[in-house]
Amino acid sequence: PRDKVVCVINCCKLVLSLLFHMPGNERRAVGADEFLPMLIYVVLKSNVQQLFSNIKYMENYRHPSLMTGEGAYWFTHLVSATSFLETMKPENLADVDRNEFLARVEEVDAMWREVTAVNPVGAEQVEEGRRTTNRLRNEEQQRVVNDL
């Protein structure tokens, strides 16, 4: 579970860094109001295999005394993002009609393309994070098979 928490920390730090380096954002602090929607978008677009079971795995098998500090902070954001995605429907958003919702999703999509175009290193880091996550998943699966 520790390796998975480390992946969550790295992903969240990368998203935060990308938001901070967006054009016009260099001197402004980035808070949860900007971070959480982008994390929701990243979680949605990343299409992580078995995300919910991985979250449950971290919750159930990471000792509570070790789930503190930075790891717990970013993990809570991930849980919030996935919870939102589980329950969100366009009609549940107050004062937002479906067309406006879809237009806003397209704006975020365009913003993400802009961020990764401006910061190609960030896009490479996202891809490297995806490769690392897959490698760790494969290593974990191999350990389970070896333990059998």
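Side chains included, hydrogens not; waters and symmetry mates left out as well; all remaining heavy atoms used.
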Can you tell me how far OG of Ser17 sits from CG of Asn10, rounded to the nearest 0.5 angstrom?
12.0 Å
The single option from Val79, Leu16, Leu39 that satisfies side-chain contact (heavy atoms from CB on, under 4.5 Å) with Trp74 is Leu16
I'd like to know if Val42 and Leu85 are part of one continuous hydrophobic network [Ile/Leu/Val/Met/Phe/Trp/Tyr, side-chain heavy atoms within less than 4.5 Å].
yes
For a 4.5 angstrom cut-off between non-hydrogen side-chain atoms, does Tyr57 reach Gln50?
no
For a quick test of reading the model, state the closest non-hydrogen atom pair linking Val15 to Met38 and the distance between them.
CG1-CG, 3.6 Å
Heavy-atom nearest pair, Gln49 first then Asn54, reads O-ND2, 3.4 Å
Within this structure, what is the CG-OG1 distance for the pair Leu36 and Thr76, rounded to the nearest 0.5 Å?
11.0 Å
Could you tell me if the side chain of Leu51 sits less than 4.5 Å from the side chain of Thr82, heavy atoms only?
yes
Hey, what do you get for CZ (Phe35) to SG (Cys12), rounding to the nearest 0.5 Å?
4.0 Å
Parallel, tilted or perpendicular, as decided by the 30° and 60° cut-offs, for the rings of His77 and Tyr73:
perpendicular
Heavy atoms of Ile9 and Gly71 approach each other most closely as CD1-CA, 3.6 Å
